[in-house]
Amino acid sequence: MKRITRLSIALAALATVSAASSAQAQQVAPAQQLPLSFARRPLTLTRNTLRVDAEFVISHTEVTFLGTTSSSTGVGLSVGGGFGITEDLEVGATVLPLTLSPDFQYNRPSVYGTYRFLRGDVEVGARLALSLPINGDFGINVGVPVLLHLGDTMRLDTGAFLQLTTSDPLGKSLNIPLAFTASINPNLFVGARTGLLFPDFDGLVMPLGAYVGYTIAGGDGSTPLADITGAFDFPYFVRSSGGDTIYTGLWTASLNGRIFFNL
């Protein structure tokens, strides 16, 4: 009788554990959310995260010819966004690439997709971007983005990207960007960027820029609601041809805003 009682107790306990395990297995794992700190964010948006982008840019150019210097200033605005389909697949577009001055113009819109195939401290993906032939040539940008997490407070974004443009002759260039970002605290980050650009595989250009950003936290305090980033760049700071090796006659100042929605 005692053996039967013990066996009944054991079977009841086993049934309880099995039921609890089955109920837990049936629960759907919640989607990951973006970390508040910019340095800790992944290469792609997390699943069901929508990002809306807007960037305001002022560009200034100075050209000296026969001892005479002329300058021009342009203002641009672009609006777009991205969406995380899965934890490793992000798609997006720039839908309003506008030149506001000196003459208003709607420039080439673009679409892109990024797939992350390696996670961890080193993240690697594949990216394809297409620029549509509106007020410009059709463009294809394909490459491999790479993200290195240097602890919890620093990150390094790099990779290699091939740009092709259906102009006559065919436009082609290789871009190897390099951006280092450090999070001063979970809300504030600063960074510097440069890289190697080989236009038409003939010559070398090295940009130089710096940026500072602030993240507004969401209601839970652990995820971002919005990023506001200001940047200053010399797109042709070092060049192997076309005049002075160090060229500061072209500079850009930009203000970028990103808003995140967890759907």
Side-chain angles (χ1 to χ4, degrees), residues 28-57 76-98 106-120 122-149 155-166 171 173-177 179 181 193 195 211 213 215-216 218 223-229 231 254 256-263:
V28 178
Q32 297 182 13
Q33 294 188 349
L34 287 177
L36 178 64
S37 172
F38 182 80
R40 295 181 54 227
R41 296 182 196 171
L43 183 66
T44 53
L45 288 172
T46 52
R47 179 166 59 93
N48 292 337
T49 297
L50 173 66
R51 187 194 69 240
V52 178
D53 306 323
E55 185 172 45
F56 180 79
V57 181
L77 174 67
S78 63
V79 179
F83 181 72
I85 297 178
T86 70
E87 301 295 341
D88 299 307
L89 178 60
E90 174 187 334
V91 297
T94 299
V95 295
L96 288 177
L98 305 176
Y106 180 81
N107 302 307
R108 295 185 301 170
S110 61
V111 295
Y112 76 89
T114 301
Y115 179 75
R116 178 180 61 172
F117 54 80
L118 181 62
R119 299 186 185 184
V122 178
E123 300 188 29
V124 183
R127 179 173 299 161
L128 174 65
L130 304 176
S131 298
L132 306 183
I134 299 176
N135 289 326
D137 298 310
F138 180 75
I140 301 175
N141 188 305
V142 60
V144 179
V146 178
L147 168 59
L148 285 74
H149 292 282
R155 63 183 284 164
L156 187 67
D157 291 86
T158 183
F161 303 89
L162 176 65
Q163 173 73 47
L164 301 174
T165 305
T166 58
S173 64
L174 176 65
N175 184 23
I176 304 174
T181 309
R193 55 193 175 200
Y211 50 92
T215 300
I216 302 173
T223 57
L225 173 63
D227 291 333
I228 301 174
T229 306
S254 61
N256 178 282
R258 298 185 291 262
I259 303 176
F260 303 94
F261 302 91
N262 294 316
L263 305 180

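We number each residue from 1, following the sequence as shown.
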Listed by chain and number, what are the side chain to side chain contact (heavy atoms under 4.5 Å, CB included) partners of A179, not counting sequence neighbours?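 If we apply the side chain to side chain contact (heavy atoms under 4.5 Å, CB included) test to A179, skipping adjacent residues, the hits are D157, R193, Y211.
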
According to side chain to side chain contact (heavy atoms under 4.5 Å, CB included), who are the partners of I228, at least two apart in sequence or on a separate chain?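 For I228, the residues satisfying side chain to side chain contact (heavy atoms under 4.5 Å, CB included) (neighbours in sequence not counted) are I216, L255.
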
Partners of [X] by salt bridge (charged side-chain N to carboxylate O under 4.0 Å, His left out), sequence neighbours excluded?
X	value
R40	none
E55	none
D227	R41, R258

Is the NZ or CZ atom of R155 both under 6.0 Å from the centre of the six-membered ring of F38 and within 45° of that ring's axis?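 Yes, cation above the ring, under 6.0 Å and within 45°.
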
For the pair [X] (side chain) and [Y] (backbone), establish whether a donor and an acceptor sit closer than 3.5 Å, ignoring hydrogens and angles.
X	Y	answer
Q33	T223	no
N175	F161	no
T166	F138	yes
E90	L45	yes
T44	E87	yes

Looking at L34 and P42, what are the two nearest heavy atoms and their distance?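 Shortest heavy-atom contact: CD2-CD, 3.8 Å.
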
At their closest point, which heavy atom of V57 faces which heavy atom of S254, and how far apart are they?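 Closest approach of V57 to S254: CG2-CB, 3.8 Å.
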
Qualifying residues under side-chain hydrogen bond (donor to acceptor under 3.5 Å, both in side chains), relative to D88, sequence neighbours excluded: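 In terms of side-chain hydrogen bond (donor to acceptor under 3.5 Å, both in side chains), with neighbours along the sequence ignored, D88 is linked to R116, R119.
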
To the nearest 0.5 angstrom, please state how far the CG atom of L89 sits from the CZ atom of F83.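 One finds 10.0 Å between CG of L89 and CZ of F83.
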
